[in-house]
Structures are given as structure tokens and as C-alpha cells.
Amino acid sequence: MKKKVLLMGASGSGKTSMRSLIFSNNPASLTARLGATIDVEQNHVRFLGDLILNLWDCGGQDAFMDSYLTTQRSTIFQHVGVMIYVFDVETHGMSKDLEYYRDCLDGLKNFSPDANVFLLVHKMDLARQPKNLTFDKKKRELEEASGESAVTVFGTSIYDESLYKAWSSIVHTLIPNAAVLSRHLTTFAAACSATEVILFERTTFLVIATSSPVVPDTLSPVGTEPGNLDRHQLDPTRYERTSELVKAFKHSCSRVREEFHSLEMELYNFTAVLDEMTRNTYVLIIVHDPTIETAALKLNIRMARRKFEELQGDSLIS
Amino acid sequence: LNGHRFSGDGVARTKILLLGLRRAGKTSIQQVLFNNLPPKQTFYLETTMRIVKHTFDTVIPLEIWDCPGNITVETLNAPLSQFSTMIFVIDIRDLYNQPISKLVEFIVAAYQDNPNMSLEVFVHKAEKLQEDDKIENFRQIHERVSDRLLDISPEYEQVQLNFHLTSVYDHSLHEAFSKVLHKLIDSLPYLEDLLNVFCANSQSPKAFLFDTTSRLYIATDASPVDSATYNLCCDYLQMLNSFGTLYKSATGNARKQLPATPPPSASSSLSPIPPNASSSSDPSTPTATTPPPNVTTHRPSRDLFYPSASTSLHPSTPGTTLTYHLITPQLALLALLPTSVYEGRRGLIEFNVVFFREGVQEICEVEKEARCGG
Ligand SMILES: Nc1nc2c(ncn2[C@@H]2O[C@H](COP(=O)(O)OP(=O)(O)OP(=O)(O)O)[C@@H](O)[C@H]2O)c(=O)[nH]1
Ligand SMILES: Nc1nc2c(ncn2[C@@H]2O[C@H](COP(=O)(O)OP(=O)(O)O)[C@@H](O)[C@H]2O)c(=O)[nH]1
Ligand SMILES: [Mg+2]
């Protein structure tokens with residue numbers, strides 16, 4: 001199953017940079033070397049089992065934009081699963097950005113009315129202080145410009161975990177049966193006496209599902225997590241920060257021509273195991289019960305593997 | 001003890017002088033190493049106007065003097081004989097007269113007052129230049145300093161100067177500062193011996209004793225240090241430090257933490273740990289809510305809990321496993337092990353760690369007594 005993801009926005013807003021961080025495991029420092037994207041760069045990323053993301057990175061220079069909206073209109077906007085529109089937080093050309101954005105929304109309405117729309121207010125690391133006010137203002141402006149269309153807005157930067165939060169949310173909408181995965185993770189968590197279990201996609205380390213009801217998502221009200229989690233009041237940014245931490249370490253490993261494979265920790269506050277779950281996923285089990293050994297957790301993962309391979313296959317048949 | 005003076009808290013601290021022109025990067029270096037400041041944030045640091053003394057406790061207690069750029073031997077207002085080390089920071093793009101003169105001025109004064117002082121030059125912000133320019137500027141700075149010293153007197157040929165390429169944006173700074181630190185640790189040979197024993201008995205090709213917060217390595221075994229391996233260990237430690245706080249429960253139920261200082265009974269008799277069952281547990285056991293019975297615990301038998309972690313770096317054998325074991329509240333052992341050894345002989349490794357820990361704790365005790373009792 002293929003899902004088409006459109007990545008749009010003005011030239012220099014950071015589209016290719018974020019793609020290279022999330023999908024190619026390049027460090028942020030290398031993005032300065034990227035040149036402007038010419039026309040559309042298409043990439044196929046095998047994401048989960050049979051789910052293939054068909055990523056369209058659309059170069060943002062005016063000439064290209066004009067052609068997307070006219071001669072290439074149907075090619076660009078048909079069969080879209082998600083459109084991600086990137087805005088540079090400190091842009092000088094907001095009115096032109098918005099004009100192009102509205103035209104793209106129109107195109108999408110005509111050709112892919114069911115597509116989800118995500119707006120990223122990007123380069124938040126450069127935003128004027130106080131950053132949350134700058135973001136709120138931008139968000140309101142973007143929601144107004146979107147009119148009737150339902151949109152989700154995230155503030156992002158390639159220099160922190162915010163990018164992973166946004167992209168986890170985005171891919172979550174593309175996984176047809178994420179709720180089923182979540183339910184089984186909850187059962188698995190109980191079997192491990194775990195506080196929480198988190199499932200990541202293998203190469204991107206984006207969060208696919210968690211044992212708590214919903215993946216982190218601005219759409220869901222906060223504080224709907226089950227009792228055990230409530231009690232520990234874990235850091236609300238833990239999912240995206242875990243993605244960022246593991247991605248950074250994977251990159252360190254690749255620099256010495258090693259390949260990250262698994263991790264176990266028995267620290268003061270918790271015990272954790274991060275290991276392969278299926279061919280496409282990694283699982284992180286977090287336990288706050290000091291009597292549980294990592295060996296037991298690893299054993300449980302081994303025994304749950306087949307079940308999750310099946311589930312993953314099932315969840316994608318639609 | 002040359003260079004140790006008792007300071008406010010009654011501890012004889014080893015003093016390090018941090019010098020260099022304005023904006024050379026002194027405060028950045030201090031903050032990135034000892035205050036966990038993210039490198040990008042150094043951009044917002046304000047100019048240092050007065051001497052700021054930072055203390056840092058690791059195997060030995062340190063006092064680092066971050067000086068303003070315009071300081072001279074006279075305005076320092078402290079005899080150079082107090083200091084064990086002088087670090088002069090020089091921007092790698094700064095090939096001009098001014099920083100070199102200043103450096104030479106301090107070297108001459110230091111050589112007269114305190115010939116035992118180690119003299120270190122950090123050629124800093126190295127990541128700003130391409131490889132070729134980097135080497136060329138480094139060479140030129142080195143050459144100019146040597147020439148100037150010889151111009152003053154041929155006697156200065158004997159001055160031992162150590163040059164390092166550094167940047168806050170990679171681990172070169174940590175590696176350089178580690179090397180500076182090694183010269184100040186009197187007990188270094190004993191720590192190295194313990195590491196050699198650990199490596200030999202555990203088939204480890206490389207092991208480091210790290211200071212966990214600064215990520216400096218305090219000591220390593222006799223095999224040569226390869227920067228790439230050191231960087232990997234540094235990154236691993238950084239990841240573990242971050243994980244440690246990320247999943248911390250607000251309601252406690254933490255394991256018994258180590259007291260800020262090692263227990264006085266650190267040299268008490270060794271209690272061997274029962275060898276662990278191999279991890280090839282029977283896969284037919286049903287999913288369990290409690291640990292399967294054939295998994296023996298390997299908690300230290302003392303009531304103190306020592307955090308540990310391991311990461312396997314290759315999906316199949318023969319792969320490498322990178323282990324982490326806390327040794328004292330401040331120090332951790334990081335070792336590379338063949339995965340087959342780590343998985344097949346876990347009990348032996350744990351035993352070697354306990355033995356290593358006893359030794360290091362004892363050495364730390366001795367260091368401490370020498371500082372306080374002296
Ligand atoms: N400060 C900051 N810079 C960023 C961020 N993301 C990207 N950049 C920089 O922005 C510049 C342009 O990024 P690109 O990814 O090439 O932009 P693009 O949207 O693909 O541009 P076109 O291909 O021309 O449409 C690069 O120099 C990146 O390093 C961010 O989050 N913060
Ligand atoms: N590119 C680069 N900049 C650095 C580095 N270290 C420090 N800086 C920058 O140099 C400037 C001066 O640093 P600061 O520590 O205040 O210098 P001080 O006056 O010597 O204490 C700051 O803007 C830092 O961000 C480095 O390794 N690389
Ligand atoms: Mg591009």
C-alpha cells in the first residue's frame with residue numbers, strides 16, 4: 001500500500017533538511033550544504049511492512065510553485081494522503097507564502113479532498129522571544145488562512161525533538177490500524193509489568209504506537225493516560241526525545257561503521273529494554289518495578305515477536 | 001603536592017588557569033564541559049569581566065579560573081605557583097601578533113615562577129576551518145610561539161608546550177581536556193593498572209573510566225586511544241544521561257542511590273557474585289509477568305544499587321557490546337566487549353566489575369584523605 005505525502009513550502013523553508021534528518025539519519029549540521037531542490041524529488045520509503053511512503057519533496061521556488069498550480073496541477077494533487085506545508089517562522093514573505101498555501105489547499109480540495117493537512121512553523125530555534133507567543137500568533141494566522149479546512153499546526157526545528165513529535169503525528173495518521181497496535185501494546189505492557197511500552201519504526205525511529213491510548217498528538221486532550229502512567233507523571237516530551245536520542249546514537253554508531261542493535265538499562269529510577277520487535281519496528285519497554293530483570297523483558301519481546309509480525313501485517317490490509 | 005591549595009570548602013583543590021583573548025572561547029569551554037551547556041547556546045554567553053572560579057569534583061577536586069581576556073600576569077593577583085596547569089585558548093583563525101604575545105608573556109612568567117606547571121594551548125574553534133587550513137593554521141600558531149620564545153632566550157627550548165585542536169561542537173574538546181587532566185591525577189598509574197586487569201580478564205579491547213557529568217575520561221587501559229571509539233563512548237554516555245532523567249518517575253520508588261561519597265567500608269572484603277545463568281532462556285516459557293525462574297539476579301549483594309547498561313552494536317555475532325557500569329557516584333566504567341563474551345560470560349564480567357569498583361573506590365578514598373587530612 002502506497003501513501004503519497006506532499007512536502008511543500010517556500011524555497012529555503014527547510015523541507016529537504018527535515019527529510020534528510022528523518023529518513024536519511026543525517027545530522028542537522030550537514031543540512032547547510034543542501035542546495036535548492038529542483039522541481040519534485042520523489043522518494044519511496046518502506047515504512048511499516050507493506051506501507052510505503054511516497055514522499056514528494058516539492059522545490060519551493062516561485063517558478064516551480066506556479067507550475068505545480070497550473071500545468072502539473074492534477075499530477076501533484078491527486079492521490080495525496082497527507083500534505084505537509086512548511087513555513088519559515090521568520091520569513092519576510094508571509095503574504096506570498098499564504099497565497100501559495102491557499103492555492104495548494106484549493107488544489108488539494110479538488111483532487112484529494114480526504115487528505116490530511118499539517119502545517120509546520122519551522123526553524124523555531126530562530127524564533128523571536130518569547131517563542132510560545134510567536135508560535136501562537138503564527139498558528140492563529142495559519143488557521144485563519146485555512147478557512148474551513150481542518151489543519152494541524154506544529155512548531156518544529158531540526159535542532160531539537162520537536163521535529164520528531166510532528167512527524168510521528170503525521171505518520172500516525174497514515175497507519176490504518178494504529179489503534180489495534182496500541183491495544184496489543186497495552187496487553188504486552190501488562191505482561192511485562194511495564195509502566196509503558198512504545199513502538200518505533202525501525203529506520204526513522206518515529207513513534208508508531210504506545211501502550212497508552214493515543215500517540216502524542218495535539219488533537220487529543222492531555223491527561224487521558226491510564227492510571228499506572230498517571231502515577232509516574234513521566235516527562236510529556238519523552239516520545240519525541242527518545243526518537244531524537246536514539247537517532248543521534250545511531251548516527252554515532254554509523255560513524256565508526258557499527259550498527260546500533262539493542263540497548264538495556266538498569267538505572268536508579270527505572271529499567272528499560274530497547275530491542276527489535278518486528279522486521280520494521282523497535283520496542284521500548286519502561287519498567288518502574290525494581291524486581292523486574294531486563295532478561296525477563298527480553299524474553300517477553302522474543303515471545304511477542306510473531307504476534308506483532310502478524311498484527312502489523314493485518315493492520316495494513318485495508 | 002605542587003599546586004594544591006586549600007580553598008573555601010576546606011579541600012585542597014588542583015587549580016587550572018584558563019587564559020586567552022576576549023571571545024577566544026574560554027567561558028564556552030568551561031560551560032560546555034562542566035555545566036552541560038549545549039554548544040549552540042555558547043553564542044549567548046556574555047563577556048567575562050572578572051575572574052570567575054569554578055569548582056568541579058571528580059577523582060580530584062578542581063578549581064578552574066575563567067579569566068577575562070585583558071588579564072596580565074600582574075592583574076591576575078595570584079602567584080602562578082598556585083596553579084598546576086595553564087590552558088591558553090586561541091582562536092584558530094587568530095594568527096596575529098596579539099594572542100601570541102600574550103601567550104608568550106604568560107609562558108615566560110610561568111616558567112620562572114613554576115617550572116613544573118603544565119602548559120597547554122587549545123587552538124580553538126577548529127571546526128570552522130576545512131581540514132587543510134586547520135592543519136596549516138595549527139602549524140603556524142605552533143611555529144610562531146616557538147620562534148618567539150627562542151627569540152627571547154635559547155633557554156626556552158626546554159619548555160614543554162602541548163598543543164591541542166579543540167571545538168565545543170565535537171568531542172575534540174573533551175579529549176584534549178581529558179589529556180590535560182591525566183597529568184594532574186597522582187593515582188593515574190593505579191587506575192590504569194586496574195583497567196588493564198579488567199580488560200585482560202574480560203577480553204575487552206578498550207575500556208575507559210569516565211567522569212559521568214563532564215564526559216572526560218579519567219583513565220584508560222594501555223591500548224592506544226582511537227578518537228572514534230572515544231567519541232562513541234562519549235555519545236553513549238550522553239544518551240544514558242539523558243535517558244536517566246527522561247523516564248524518571250515523579251513518585252519516586254527509585255532504587256537506593258549511592259551516597260555522594262563512597263561508603264567508608266569501601267575496602268571491605270569482596271563478596272563474589274554467583275555466576276549468571278546464560279541468557280539462552282528456554283523460549284517455550286509462556287509470557288511471564290514475573291522474571292522466569294532460570295534468570296538469576298545479578299544485583300550487587302551489598303544493599304547499594306549500581307546502575308548499569310549495555311548496548312549491542314551488531315545484530316549478530318561476532319559483534320561488539322558497549323557496557324556501562326557506575327563505579328562511584330561520579331565515575332563510570334565504559335568498556336567494549338565481544339558480544340559473545342558479554343552474553344556467554346555475564347557472571348564473570350559482573351565479577352570483574354565488582355573487583356574493579358572496589359579498587360577504584362579505595363583509590364578515591366586515598367586521594368580524598370590526602371586532600372583533607374594533609
Ligand atoms: N536554524 C534553522 N535552520 C534550518 C532549519 N531547517 C533547515 N534549516 C536551514 O535552512 C536552509 C534551507 O533548507 P532546505 O531544506 O534546503 O530548504 P527547502 O525547503 O528544501 O528549499 P527548496 O528545496 O528550495 O524548496 C538550510 O541551510 C538548512 O540548514 C531549522 O530548523 N533551523
Ligand atoms: N565556531 C565555534 N565558536 C565557538 C567555539 N567555542 C566558543 N565559540 C564562540 O565564541 C564566542 C566567544 O565565546 P566566550 O566563551 O564568551 O569567549 P571568552 O571571552 O573567551 O570567554 C561565542 O560566541 C561562542 O559561541 C567553537 O568551538 N567553535
Ligand atoms: Mg529542498
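All values derive from a computational prediction rather than experimental measurement. Residue numbering restarts at 1 for every chain, and letters A, B, ... go by the order of the sequence lines.
Nearest heavy-atom pair across E264(A) and R346(B) is OE1-NH2, 3.5 Å. In this structure, F270(A) and G244(B) approach most closely via the heavy-atom pair CE2-O, 3.8 Å.
Annotation: the span from R238(A) atom CZ to L246(B) atom CG amounts to 8.0 Å, rounded to 0.5 Å. To the nearest 0.5 Å, atoms CD (E258(A)) and CG (L336(B)) are separated by 8.0 Å. Annotation: the span from C253(A) atom SG to L232(B) atom CG amounts to 5.0 Å, rounded to 0.5 Å. Note that CD1 of I286(A) is 11.5 Å distant from OG of S249(B), once rounded to the nearest 0.5 Å. In this structure, CZ on F260(A) lies 6.0 Å from CE on M239(B), to the nearest 0.5 angstrom. A distance of 13.5 Å separates CG in L313(B) from CZ in R257(A), rounded to the nearest 0.5 Å.
Side chains of F243(B) and V246(A) form a contact here, defined as non-hydrogen atoms less than 4.5 Å apart. Looking at heavy atoms from C-beta onward, Q238(B) lies out of side-chain contact with F249(A) at the 4.5 angstrom threshold.
Applying side-chain hydrogen bond (donor to acceptor under 3.5 Å, both in side chains) to Y247(B) and the options D235(A), N269(A), T242(A) leaves one that passes, T242(A).
Remark: K40(B) qualifies as a cation-pi partner of Y159(A) under the 6.0 Å distance and 45° angle criteria applied to the six-membered ring.
When the candidates N231(B), T245(B), D235(B) are compared by the number of heavy-atom contacts under 4.5 Å with chain A, D235(B) comes out ahead.
R255(A) touches chain B through its side chain: at least one heavy atom from C-beta onward sits under 4.5 Å away, while N, CA, C and O do not. For a residue to count as touching a neighbouring chain, one of its non-hydrogen atoms must lie under 4.5 Å from one of that chain's; by this rule L267(A) touches chain B with backbone and side chain alike. Using a 4.5 Å cut-off between heavy atoms, L284(A) contacts chain B through its side chain alone, with no backbone atom that close.
Atom CZ of R345(B) sits in a sparse spot, with 12 or fewer heavy atoms from other residues, nucleotides or ligands closer than 6.0 Å. The number of heavy atoms from other shown groups lying within 6.0 Å of NZ (K248(B)) does not exceed 12. A 6.0 Å sphere centred on CD of E127(B) holds more than 12 heavy atoms belonging to other residues, nucleotides or ligands.
Listed for the T311(B) side chain is a donor-acceptor partner under 3.5 Å among the backbone atoms of S262(A).
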Assess whether side chain to side chain contact (heavy atoms under 4.5 Å, CB included) is satisfied between Y236(B) and L263(A), documenting all intermediate values.
-> CA-CA 10 Å; Y236(B) 182 44; L263(A) 171 68; 3.9 Å; yes

